[in-house]
Each structure stands twice: as C-alpha cells, then as structure tokens.
Chemist: 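Just passing along the structure, written as structure tokens.
Every heavy atom of this structure was used, including side-chain atoms; hydrogens, water molecules and symmetry mates were not. Please read all numbers here as calculations on a predicted model, not as lab measurements.
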Amino acid sequence: MGAQSPETGGGITPIQQMVASCSGALLTSLFVTPLDVVKIRLQAQKNPFPKGKCFVYCNGLMDHICVCENGNSKAWYKAPGRFNGTLDAFLKIIRTEGVKSLWSGLPPTLVMAVPATVIYFTCYDQLCAALRSRMGDRAQEAPLLAGAIARVGSATVISPLELIRTKLQSQRLSYRELSACIRSAVETEGWRSLWRGLGPTLLRDVPFSAMYWYNYELGKSWLCEWYSTREPTFTITFAAGAVSGSVASIVTLPFDVVKTRRQVELGELEAKNLPSRVSSSTFSVMGRIVAQDGFSGLFAGFLPRLIKVAPACAIMISTYEFGKAFFRKYNQEKSLGPLQTSNT
C-alpha cells in the first residue's frame with residue numbers, strides 16, 4: 001500500500017490509520033484481558049492444569065497457546081483460595097494478588113495483537129477505499145472483499161511469529177536454540193513449515209472478517225440514517241461493532257473450536273517432544289470432535305466466545321473510528337491554517 005494523500009485515504013494518511021488501530025488494539029487488550037484471566041482461573045480451579053498440558057489464552061482480539069510448566073505456578077492459572085463465581089474471582093484476585101494480576105496475560109497478547117491489528121485495519125481501509133472506487137454499482141460489497149483480503153494478508157504475515165512464540169513457550173528455548181530449531185525445520189520441511197496451522201486460522205478468520213466488515217458497514221449506515229446524522233457517533237460505531245462481531249463469531253464458531261483443539265493437541269505433543277501421529281487437518285479434527293461430543297461439540301464455548309468477542313469488536317472499532325475522526329479533523333484544521341493566514 002503506497003503512501004496516499006489524506007484526501008484519497010478518507011481524510012487521513014496510512015500512518016495515522018496505523019496509530020488509530022494501534023490505540024484500538026491497546027485499549028481493547030486493556031479492557032478484555034481481565035475477563036480471560038478470570039475465566040482461566042475459574043477453569044483451573046475445577047480442572048487444574050498438569051505439567052505439559054496446554055490451553056489457549058484468548059482475549060477476543062488474539063489467541064495464543066500456553067503450556068503449563070509447573071502445575072499452578074503461573075499467574076494465569078494459579079488459584080489462591082476458592083472462587084464462587086466471576087465477581088467473587090475478581091474481588092479475591094485483587095485482594096490477594098493486587099490489581100495488576102488481572103493483566104498478567106497482557107504482554108504476550110500485545111506482542112501479537114498490536115502488529116496484527118495495525119496491518120489488518122490499515123490494509124482493510126486502503127483496500128476498501130480502492131475497491132469502492134472501482135466497483136461502481138457493487139461498491140456496497142467492497143467491505144466483504146476488503147475484509148477477507150486484509151485478514152488473509154495479516155494472518156499470513158503474523159503466522160511465523162505465532163509459531164516462533166509458541167515454540168518459545170512450549171520448549172523454553174534460548175534464542176540460539178530457537179534459530180537452530182527453525183533452521184532445521186526449514187531444511188527438512190521447507191519454508192512452508194513456518195506457516196503451519198495457517199489453514200484453520202484462515203478458515204475461521206477470513207469468513208469472520210468478511211461478515212464482520214460487511215455487517216458493520218451496513219449497520220453503521222442504517223444507524224446513521226435512523227439517527228439522521230452524516231457522521232457516525234461513538235455510540236453508533238460501538239453498537240454496530242458489537243452486533244456485527246456477535247453475528248460473525250456465532251457463524252464461524254465451529255472453525256474456532258477446531259483451531260483451538262488443533263492448537264492444544266499440537267502444543268501438548270511439542271511440550272512432551274512427541275511426534276504427531278494423528279491427522280491434524282481441519283476436517284479430520286472436525287470429524288473427531290463430532291465423533292466424541294456430537295454435532296453440538298462444534299459449538300462448544302458459545303457463550304464465553306460471544307461475551308469476549310462482542311465487547312472486543314465494539315471497543316476496537318469504536319476506538320479506531322474515533323482515532324480516524326480525530327486525525328481527519330486535525331488534517332482539516334492544518335490545511336485550513338495557511339489559507340486563513342493568507343486571507344488575512
């Protein structure tokens with residue numbers, strides 16, 4: 001995406017779009033991470049994670065695999081005392097460990113979330129503007145296509161970083177050992193090994209992204225008409241983001257379940273240094289889930305995913321739109337400044 005003038009980029013530059021999306025990613029992680037920390041603690045209380053066991057940590061914006069090293073020693077899943085519910089867990093964690101413990105999973109989340117979000121949102125805006133100018137009568141379908149392409153791009157760029165981070169977590173390698181491990185994998189399996197697991201990620205995230213942006217733009221336009229306003233307010237973008245995120249998360253839930261199961265299975269094998277003997281393709285994992293838990297198993301975690309994704313989408317998009325509006329106003333005032341000076 002080449003640099004554009006503010007006028008061709010919706011009134012702001014790509015750099016300003018990156019700053020707005022970065023702010024959205026930071027704010028979303030700050031708000032949503034405590035919910036997942038509490039959820040992990042409640043899960044650990046019922047079923048303590050043994051050494052070598054893996055679970056997927058997700059804050060609605062990004063997810064990543066975590067490997068238990070020493071039972072309950074890590075902050076995410078140590079359980080000091082008994083929790084009688086979500087609110088009780090919040091209060092007891094704050095009282096016994098301090099408020100900072102609610103954000104114990106923030107650093108690894110931000111390492112992945114910030115670059116992925118910056119690439120994703122900036123690419124979407126640039127693509128959508130370009131497609132709308134070329135699609136004519138079918139311009140309303142531009143968000144659908146732009147959302148899908150942007151997600152493919154961001155997921156493909158971030159996938160090797162996610163693989164490296166997973167190996168660091170699962171095997172506790174030094175950076176020298178990690179580079180040797182990656183070099184060995186590339187020599188034996190080729191460069192494609194760095195994108196292992198990309199298929200299930202794309203099957204979940206690309207439809208989610210396409211549906212999310214299409215429904216978001218429709219919802220935003222409808223709400224603007226309803227409230228007779230040309231520019232969407234913070235409330236309008238927040239509501240449109242929450243609803244579109246909820247719809248997309250429900251439709252793509254089976255692929256999210258498959259991706260989570262696949263991550264956990266591969267992570268446990270890596271943690272125990274065992275080779276993978278079971279097919280881990282998307283449809284084979286889906287078949288195993290249906291065989292073990294029935295068709296309803298593909299929709300496991302429906303409510304927790306909805307509770308996380310809806311506010312995460314709402315906070316992210318409303319913050320991003322607010323940032324863009326701020327920069328648009330700043331650019332307009334900056335461009336009017338010299339004109340006003342010359343007129344006087």
Side-chain angles (χ1 to χ4, degrees), residues 1 4 8-12 14 17 20-21 23-25 27-28 32 60-61 116-155 202-256 299 302 305-328:
M1 303 297 163
Q4 291 181 319
T8 58
I12 63 173
Q17 288 174 339
S21 59
S23 302
L27 194 61
T28 304
V32 185
L61 191 65
T117 305
V118 167
I119 295 168
Y120 175 47
F121 276 77
T122 306
C123 285
Y124 168 77
D125 263 350
Q126 298 290 308
L127 281 167
C128 196
L131 288 170
R132 275 180 169 151
S133 65
R134 290 169 172 80
M135 292 177 71
D137 295 338
R138 306 188 69 180
Q140 64 178 6
E141 296 172 15
L144 192 76
L145 191 56
I149 296 171
R151 178 55 78 184
V152 170
S154 63
L202 293 179
L203 280 172
R204 180 197 65 176
D205 290 356
V206 172
F208 179 97
S209 180
M211 283 185 287
Y212 170 77
W213 284 110
Y214 183 74
N215 290 327
Y216 169 73
E217 298 290 356
L218 278 180
K220 185 173 68 171
S221 298
W222 184 83
L223 287 171
C224 283
E225 288 180 14
W226 180 268
Y227 289 104
S228 302
T229 178
R230 290 183 62 188
E231 291 295 323
T233 62
F234 185 88
T235 304
I236 287 174
T237 56
F238 190 93
V243 173
S244 59
S246 299
V247 172
S249 67
I250 293 168
V251 175
T252 58
L253 182 58
F255 292 108
D256 184 61
F299 292 88
F302 167 81
R305 177 164 164 79
L306 194 62
I307 290 172
K308 285 189 296 182
V309 171
C313 287
I315 295 168
M316 180 65 223
I317 194 63
S318 54
T319 306
Y320 179 58
E321 294 281 15
F322 179 82
K324 289 199 298 180
F326 170 83
F327 283 120
R328 196 175 293 118

Chemist: Taking side chain to side chain donor-acceptor pair (under 3.5 Å) as the definition, give me every residue that meets it alongside Tyr124, ordered by chain and number, with sequence neighbours left out.
Modeler: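 Side chain to side chain donor-acceptor pair (under 3.5 Å) list for Tyr124, sorted by chain: Glu217.
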
Chemist: Does Thr319 have any side chain to side chain contact (heavy atoms under 4.5 Å, CB included) partners at least two apart in sequence or in another chain, and if so, which?
Modeler: Leu27, Ile315

Chemist: Can you name the closest pair of heavy atoms from Thr117 and Ser21 and give their distance?
Modeler: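 Looking at all heavy atoms of both residues, the shortest contact is CG2-O, 3.8 Å.
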
Chemist: Would you list the pairs meeting salt bridge (charged side-chain N to carboxylate O under 4.0 Å, His left out) in which at least one residue belongs to residues 227-248, sequence neighbours left out?
Modeler: none

Chemist: Can you tell me which residue pairs pass the salt bridge (charged side-chain N to carboxylate O under 4.0 Å, His left out) test with a partner in residues 139-149, sequence neighbours excluded?
Modeler: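 Sorted result for residues 139-149: Arg138-Glu141.
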
Chemist: Applying side chain to side chain contact (heavy atoms under 4.5 Å, CB included), name anything that partners Leu218, two or more places apart in sequence or on another chain.
Modeler: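 For Leu218 the side chain to side chain contact (heavy atoms under 4.5 Å, CB included) partners, ignoring immediate neighbours, are Tyr214.
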
Chemist: With sequence neighbours left out, write down each residue that passes side chain to side chain donor-acceptor pair (under 3.5 Å) with Ser318, or none if nothing qualifies.
Modeler: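 So Ser318 forms no side chain to side chain donor-acceptor pair (under 3.5 Å) with any residue.
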
Chemist: Pairs in or reaching into residues 235-246: which pass side-chain hydrogen bond (donor to acceptor under 3.5 Å, both in side chains), with residues at least two apart or in two chains?
Modeler: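 Not a single pair qualifies under side-chain hydrogen bond (donor to acceptor under 3.5 Å, both in side chains).
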
Chemist: Please list, chain by chain and in numerical order, all residues satisfying side chain to side chain contact (heavy atoms under 4.5 Å, CB included) with Tyr227, sequence neighbours excluded.
Modeler: Leu223, Thr229, Ile236

Chemist: With Gln140, which residues qualify under side chain to side chain donor-acceptor pair (under 3.5 Å), at least two apart?
Modeler: none

Chemist: Should the pair Tyr216 and Tyr212 be assigned to parallel (<30°), tilted (30 to 60°) or perpendicular (>60°) ring geometry?
Modeler: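 Parallel: the ring planes of Tyr216 and Tyr212 meet at under 30°.
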
Chemist: By side chain to side chain contact (heavy atoms under 4.5 Å, CB included), which residues pair with Ala20, not counting sequence neighbours?
Modeler: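 Side chain to side chain contact (heavy atoms under 4.5 Å, CB included) list for Ala20, sorted by chain: Tyr320, Lys324.
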
